[in-house]
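Have a look at the structure below, then the notes.
Keep in mind that this is a model prediction, so the values were computed, not measured.
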Amino acid sequence: MITKGEKTPHKQIFWEYGSQLAVREGKWKLVLGGKLDFDRLQPDDIHLSDLEVDPGERVNVKDDFPEIASRLEHDVRTWYEQLMAEA
């Protein structure tokens, strides 16, 4: 899919990187505990990016789209809980 540039058959893609959890859904990317801007001292607890407008993920739009941030946060936490239950 990645090497051939094909679309994913999945609505959402989840991953864990160190202490960060993330989900991508269409143009939205939500990261929990992400330190996306390494010049900052503290990571964002919740960082929502609109990748069509901000592919560099510089602007956190969670306060502008609280319903999307809440839904994606719920989805990534549920995914991670299920992943840990299977481990």
Side-chain angles (χ1 to χ4, degrees):
M1 177 186 79
I2 292 173
T3 60
K4 294 182 181 182
E6 297 174 359
K7 289 190 173 194
T8 177
H10 306 285
K11 180 182 174 190
Q12 296 175 316
I13 300 171
F14 301 95
W15 66 96
E16 174 187 18
Y17 179 73
S19 62
Q20 301 177 15
L21 298 177
V23 57
R24 170 83 190 263
E25 179 183 289
K27 69 178 190 170
W28 301 109
K29 179 179 175 187
L30 181 119
V31 178
L32 300 180
K35 196 164 185 179
L36 301 175
D37 180 348
F38 292 97
D39 294 331
R40 285 183 300 180
L41 297 177
Q42 296 296 319
D44 286 335
D45 290 334
I46 301 170
H47 187 101
L48 179 67
S49 298
D50 178 343
L51 298 177
E52 287 180 358
V53 175
D54 179 25
E57 303 174 45
R58 294 285 187 194
V59 180
N60 188 348
V61 296
K62 73 173 176 149
D63 293 334
D64 297 329
F65 300 95
E67 63 288 337
I68 293 170
S70 178
R71 179 176 56 79
L72 292 177
E73 179 185 7
H74 173 268
D75 293 350
V76 74
R77 289 188 188 281
T78 299
W79 164 78
Y80 191 70
E81 288 170 8
Q82 291 172 347
L83 184 69
M84 291 297 98
E86 294 172 6

Who clusters with Leu51? Use side-chain heavy atoms, under 4.5 angstrom, across I, L, V, M, F, W and Y, and order the result by chain and number.
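Members alongside Leu51: none; it stands by itself.
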What's in the same ILVMFWY side-chain cluster as Val53, cut-off under 4.5 Å, chained through other members?
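Taking Ile, Leu, Val, Met, Phe, Trp and Tyr as members, Val53 stands alone, with no cluster partners.
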Do the side chains of Trp28 and Leu30 join up, straight or via other hydrophobic residues, at under 4.5 Å, putting them in one cluster?
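Same hydrophobic cluster.
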If you group Ile, Leu, Val, Met, Phe, Trp and Tyr by side-chain heavy-atom gaps below 4.5 Å, do Leu32 and Met84 land in one group?
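Yes, one cluster joins them.
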Let me see the working for Ile13 and Val23 under side chain to side chain contact (heavy atoms under 4.5 Å, CB included), right down to the final yes or no.
CA-CA 6 Å; Ile13 300 171; Val23 57; over 6 Å; no
All side-chain contact (heavy atoms from CB on, under 4.5 Å) counterparts of Glu52, not counting sequence neighbours
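Testing Glu52 for side-chain contact (heavy atoms from CB on, under 4.5 Å), a comparison that skips the adjacent residues, returns Lys27, Asp50.
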Excluding sequence neighbours, so at least two apart, what forms side-chain contact (heavy atoms from CB on, under 4.5 Å) with Val59?
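In terms of side-chain contact (heavy atoms from CB on, under 4.5 Å), with neighbours along the sequence ignored, Val59 is linked to Asp54, Val61.
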For Glu25, what residues pass the side-chain hydrogen bond (donor to acceptor under 3.5 Å, both in side chains) criterion, not counting sequence neighbours?
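Glu25 satisfies side-chain hydrogen bond (donor to acceptor under 3.5 Å, both in side chains) with Gln12, Arg71 only.
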Tell me the ring-ring contact (aromatic ring centres under 6.0 Å, His included) pairs involving residues 68-87, sequence neighbours left out?
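Every ring-ring contact (aromatic ring centres under 6.0 Å, His included) pair that includes a residue of residues 68-87, provided the two are not neighbours, is Phe14-Trp79.
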Rounded to the nearest 0.5 Å, what separation is found between the [atom1] atom of [X] and the [atom2] atom of [Y]?
X: Ile46; Y: Leu21; atom1: CD1; atom2: CG; answer: 11.5 Å
X: His47; Y: Asn60; atom1: NE2; atom2: CG; answer: 4.5 Å
X: Leu72; Y: Arg77; atom1: CG; atom2: CZ; answer: 12.5 Å

Gln20 and Gly33: which non-hydrogen atoms are nearest, and at how many Å?
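For Gln20 versus Gly33, the nearest heavy atoms are CG-O, 3.4 Å.
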